[in-house]
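By convention in this document, chain letters (A, B, ...) are assigned in the order of the sequence lines, proteins followed by strands, and residues within each chain are numbered from 1.
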Amino acid sequence: MSEVTDQMRRHSAAHLMARAVQNVFENVQVDIGPATDEGFYYDFDLPHRLSPEDFPKIEAEIARLIALDEPFVRKVVSRDECARMLAGQTYKLERLADIPEGEDISTYTVGDYVEMCRGPHVEHSKQIGVVKLRRVAGSYYRGDEHNKMLQRIYGIIARDQAEMDALLAREEEAKKRDHRRLGTELDLFHLDPEDPGQVFWHPRGWSIYVTLQDYMRRKLVKDGYQEVNTPALMPRSLWERSGHWAHYQQNMFITESEKRLFAVKPMNCPGALEIFKSRTRSYKDLPLRLAEFGHCARNEPSGTLHGIMRVRGFVQDDAHIICTEEQIEEEVAKFCRLLKDVYSDFGFDQNMKVRLSTMPEDHVGDEATWRKAEDALAKALVANGMTYAIQEGEGAFYGPKLEFKITDALDREWQCGTIQLDYQLPSAERLNAEYIGADGKKHHPVMLHRAVLGSLERFIGILIEHYAGAFPLWLAPEQVRILPISDKAAAYAQKIRAALAAAGYRVEVDSSAEKLGAKIRAATVEKVPYQIVVGPRDEAAEQISVRSRADGDLGAMKLDAFLARLAAEMKS
RNA sequence: GCCACUUUAGCUCAGUAGGUAGAGCACAUCCUUGGUAAGGAUGAGGUCGGCGGUUCGAUUCCGCUAGGUGGCUCCA
């Protein structure tokens, strides 16, 4: 007897939901309904517009079906037999046609309901547990935007009601970490409805931004990069040469001046190559690593925007490595080392996923070169002890790429770091970058596009959720808050503030008329790492009373002792 | 961009079977000078996303439009 896995239970729940929807509504066409890491979904096509108001009815029907505790019976059938069983179900019949000749076609029957399915499933419906429907969403048939949009219902399962309650409570907790909520609560940024996808950074948010950027800058300099900056607005002629005008125009903001068209840059790469081309280059200049915190604008479809994670104006910790083909592997390996180093500083090296995207059908260049490039990427990962999955055919048309993905508070994956190999842009057909080789002849270099954090906007969004707003000392917008007991301690509070500020810390004084308890509460809610309480007693003893976000009340100490503690924490 | 849902004060949300609205927090003023998670009082703040329609009258019903949310496609 095989073990009943969560995947089987979820998948079986999807079947029962499909059955329930057909029992509750008329003219239901079913497509497919797999299990996911979280729960399951099923795609339907029916005249009724599904809404969350329909959930109780459907859930009740599912509960009824589960309670029947009917067995899931597997049967291998012939193609014709299966087609007969699926009569009237056009999507299912199309799916049936997809199954290659010679492969087993199996069906699962539960009570009077039969479905074509590979399985596996639970043995009896009661093994599924409790089912709750979560949301309805649109979904293109076969994931193709040219196809009809089906109605998808997402659901989750639990072994019993207690586990379901715990699951829902965890979801509520995750929502509290949502960067959009914390961004407002902690006064980090705001988004203006009239200017979708553009971030207004408030002082506290911008402090994090600049601190992160400085951190990255130090890493880049140490790793042999040179920082550059290129124009935000570049002419149509350049974009035509780069290929963006033909392939990326829909995503570009275009503007006009004196009858010439310009575009706000969606990427920094042409700018980097312009710098490379500004004088004759030697093979001795390679690899040339040009970093740029360039502000890019992409006119993303409105439906794809999401807080500060997916925006229309953003800055990548971008860099372009211009090198020879022989240098690719070492440069990729070097990048992986840098990425690992940075991610480990945030604890992201644990839950990160790496994907290698290979040659797509629509590509330029010959297959041998592609395979060589893919190998170089894979070898660099292995050399760094990184495990990865392959995304077949998901590479860019100009070259394969590595993607490094991090998960947000609501379990959505976001691509942050990436390195992409590009044979195209430096080529004669595009921007025609050249260097003089040891043989005295001209050669085209290859280019690596790469980013460690991805966009600063997205990375900060993930950081907000990762730390639940409680940033480590070095990143915290306000590192220390001084809480004078009353006006009588105001002068002493200012003296301490000045001393901390002189030592380079971001420090504020809460001089409001509130009582100490209220001040502590405010500083705690705002997640300030250190609170310093000062009153007449401290002043007389030339001490401060320290409260840490992590360890609570630390009692009284000398300012020097506190400074030493801060310095030690900044280093770690 | 596509499908569904949604939009009331700075924030989180009530509410009106159609008769132009409330709470908590935040904010302002005053009182309180208080030693480790919310002291008290008073007050200000909204043409209920925008436009149009139905109606004697629309925040409420209908249509369009914009933003947001959840997905899909796309993507840093």
Side-chain angles (χ1 to χ4, degrees), chain A residues 41 43 45 49-54 134-154 175 178 180-181 184-185 187 190-197 248 250-251 266-268 296 298-318 394 396 401 403-406 410 412-418 420 449-459 461-462 483-490 512-525 531-538 545-547 552-556:
Chain A
Y41 66 81
D43 288 343
D45 189 11
R49 295 283 111 187
L50 289 167
S51 90
E53 287 173 21
D54 299 319
R134 298 303 289 145
R135 48 185 62 105
V136 282
S139 167
Y140 296 112
Y141 176 53
R142 291 179 186 273
D144 185 333
E145 61 180 320
H146 303 296
N147 286 344
K148 179 163 188 178
M149 182 153 282
L150 307 178
Q151 302 190 68
R152 173 176 296 181
I153 300 179
Y154 283 90
K175 275 188 190 163
D178 191 317
R180 293 165 295 186
R181 172 199 281 250
T184 305
E185 284 177 1
D187 196 19
H190 84 266
L191 297 156
D192 178 4
E194 285 191 25
D195 197 10
Y248 207 72
Q250 291 234 309
N251 283 291
M267 299 178 194
N268 300 307
C296 295
R298 295 182 190 172
N299 197 3
E300 302 287 353
S302 57
T304 64
L305 303 179
H306 179 88
I308 62 172
M309 303 277 218
R310 183 80 185 269
V311 290
R312 286 182 178 154
F314 58 95
V315 173
Q316 292 165 294
D317 63 319
D318 204 5
E394 294 289 312
K401 61 181 175 183
E403 293 177 354
F404 302 84
K405 294 186 178 183
I406 294 176
L410 298 171
R412 284 173 291 226
E413 278 185 11
W414 294 95
Q415 181 187 320
C416 291
T418 180
Q420 311 186 358
H449 309 248
R450 44 105 294 166
V452 176
L453 307 178
S455 84
L456 287 156
E457 284 75 9
R458 175 176 297 175
F459 199 78
I462 290 171
L483 316 177
I485 292 246
S486 74
D487 294 352
K488 287 171 188 157
S512 66
E514 296 296 335
K515 293 170 96 164
L516 181 61
K519 292 187 184 187
I520 287 173
R521 184 183 146 78
T524 306
V525 167
Q531 305 170 22
I532 294 180
V533 176
V534 290
R537 284 211 305 262
D538 302 288
S545 298
V546 180
R547 237 185 110 89
D553 193 350
L554 302 179

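- Side-chain contact check for Ser139(A) and Gln151(A): no donor-acceptor pair (N or O, by modelled atom type) lies under 3.5 Å.
- For Arg134(A) and Tyr154(A), the positive end is not near the middle of the six-membered ring at less than 6.0 Å and at most 45° from its axis.
- A 4.5 Å side-chain heavy-atom check between Val534(A) and Ser545(A) finds every atom pair outside the cut-off.
- As judged by a 4.0 angstrom heavy-atom cut-off over every strand, Gly138(A) is placed among the base-contacting residues.
- Nucleotides C61(B) and U6(B) are separated by 11 Å at their P atoms, to the nearest Å.
- Within the 4.0 Å cut-off from OP1 or OP2 of U69(B), not a single side-chain nitrogen or oxygen of Arg135(A) is found.
- With the nearest nucleotide of RNA chain B identified for both Ser51(A) and Asp144(A), Ser51(A) has the one nearer the 5' end.
- Ranking G67(B), C74(B), C11(B) by closeness to the Pro196(A) side chain, first place goes to G67(B).
- Arg152(A) comes within 4.0 angstrom of sugar-phosphate atoms only, judged by non-hydrogen atoms across all strands, and of no base.
- Within the structure, a side-chain polar atom (N or O) of Gln415(A) is placed less than 4.0 Å from OP1 or OP2 of A76(B).
- Here, A58(B) and C31(B) have their C1' atoms 45 Å apart, quoted to the whole Å.
- No donor-acceptor distance shorter than 3.5 angstrom exists from the side chain of Arg312(A) to the backbone of Asn299(A), with no hydrogens or angles considered.
- The partner of A28(B) is U42(B), judged by Watson-Crick or G-U wobble contacts that both fall below 3.5 Å.
- Two residues, Pro301(A) and Gln420(A), neighbour RNA chain B, and the one matched to the more 5' nucleotide by heavy-atom proximity is Pro301(A).
- Exactly one residue among Val452(A), Asp317(A), Ile406(A) makes a side chain to side chain contact (heavy atoms under 4.5 Å, CB included) with Phe459(A). That residue is Ile406(A).
- Residue contacts for Cys296(A): at a heavy-atom cut-off of 4.0 Å it reaches no nucleic acid atom on any strand shown.
- Distance CD (Glu194(A)) to P (G67(B)): 10 Å, rounded to an integer number of Å.
- The two residues Pro301(A) and Asn251(A) come nearest to each other via the heavy atoms CD-OD1, 4.4 Å.
- Looking at Gln316(A) and Cys296(A), their side chains come closer than 4.5 Å, going by heavy atoms from C-beta outward.
- When rounded to the nearest whole Å, the span between CG of Asn147(A) and P of G71(B) equals 22 Å.
- One atom, CD of Glu300(A), and another, P of G68(B), lie 13 Å apart when rounded to the nearest Å.
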Discussion item. Please encode protein proximity along nucleotides 29-39 of chain B as a string of B, S and -, counting only heavy-atom distances under 4.0 Å.
Written reply: ---BBBBBBBB
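- Going from atom CD1 of Ile308(A) over to atom P of U69(B) covers 12 Å, rounded to whole Å.
- For the OP1/OP2 pair of G70(B) and a distance below 4.0 Å, the side-chain nitrogens and oxygens of His306(A) include at least one atom meeting the criterion.
- Pro193(A) comes within contact range of the sugar-phosphate backbone alone, with a heavy-atom separation under 4.0 Å but no base atom that close.
- Nucleotides U8(B) and G46(B) have their P atoms positioned 15 Å apart, rounded to a whole Å.
- Across all strands shown, U20(B) forms no Watson-Crick or G-U wobble pair with both key distances under 3.5 Å.
- In this structure, U6(B) forms a base pair with G67(B), meeting either the Watson-Crick or the G-U wobble geometry with both donor-acceptor distances under 3.5 Å.
- Pairing of U54(B), defined by two Watson-Crick or G-U wobble distances under 3.5 Å, is not identified with any nucleotide.
- Arg49(A) comes within 4.0 angstrom of the backbone, heavy atoms only, and of no base.
- In this entry the distance linking CD of Glu394(A) with C1' of C74(B) reads 11 Å, nearest Å.
- Here A37(B) sits opposite no nucleotide as a Watson-Crick or G-U wobble pair (both hydrogen-bonding atom distances under 3.5 Å).
- Base pairing analysis places U60(B) opposite nothing; no Watson-Crick or G-U wobble pair with both distances below 3.5 Å involves it.
- Interface remark: the Tyr140(A) side chain does not form any donor-acceptor pair with the G71(B) base, using a distance-only criterion of under 3.5 Å.
- Residue Tyr154(A) is in sugar-phosphate contact alone, with no base atom involved, counting any heavy-atom pair closer than 4.0 Å across all strands shown.
- Comparing the same atom, P, in G71(B) and in U60(B) gives a spacing of 30 Å after rounding to whole Å.
- Nucleotide C72(B) is matched to G1(B) when pairs are restricted to Watson-Crick or G-U wobble geometry with both distances under 3.5 angstrom.
- Stacking here means ring centres nearer than 5.5 Å and ring planes tilted less than 30 degrees, and by that measure Phe314(A) stacks onto A76(B).
- Residue Asp192(A) contributes atom CG, which lies 17 Å from atom P of G49(B) at whole-angstrom precision.
- Judged by distance alone, with hydrogens and angles left aside, the side-chain atoms of Lys519(A) form a donor-acceptor pair with the main-chain N or O of Pro484(A) at under 3.5 Å.
- Taking 4.0 angstrom as the limit, Arg412(A) places a side-chain polar atom (N or O) nearer than this to OP1 or OP2 of G71(B).
- Here the P atom of nucleotide C72(B) and the OH atom of Tyr141(A) are 18 Å apart, to the nearest Å.
- Taking the C1' atom of each, G49(B) and C75(B) are spaced 29 Å apart, rounded to whole Å.
- Judged by distance alone, the side chain of Arg458(A) and the main-chain N or O of Met309(A) form a donor-acceptor pair under 3.5 Å.
- Looking at Arg180(A) and Asp178(A), a side-chain N of the basic residue comes within less than 4.0 Å of a carboxylate O on the acidic one, giving a salt bridge.
- Between G1(B) and Ser302(A), a contact under 4.0 Å exists linking OP1 or OP2 to a side-chain N or O.
- In this structure, Gln531(A) and Ile520(A) have side chains that are in contact, with non-hydrogen atoms separated by less than 4.5 Å.
- Evaluation of atom-type donor-acceptor distances gives no pair under 3.5 Å for the side chain of Arg142(A) against the base of C72(B).
- The separation of G63(B) from C5(B), taken at their P atoms, amounts to 11 Å, rounded to a whole angstrom.
- Rounded to whole Å, the P atom of U54(B) lies 15 Å from the corresponding atom of U59(B).
- Atom CD of Glu145(A) and atom P of C2(B) are 11 Å apart (whole Å).
- G67(B) and G50(B) are spaced 15 Å apart, taking the P atom of each and rounding to whole Å.
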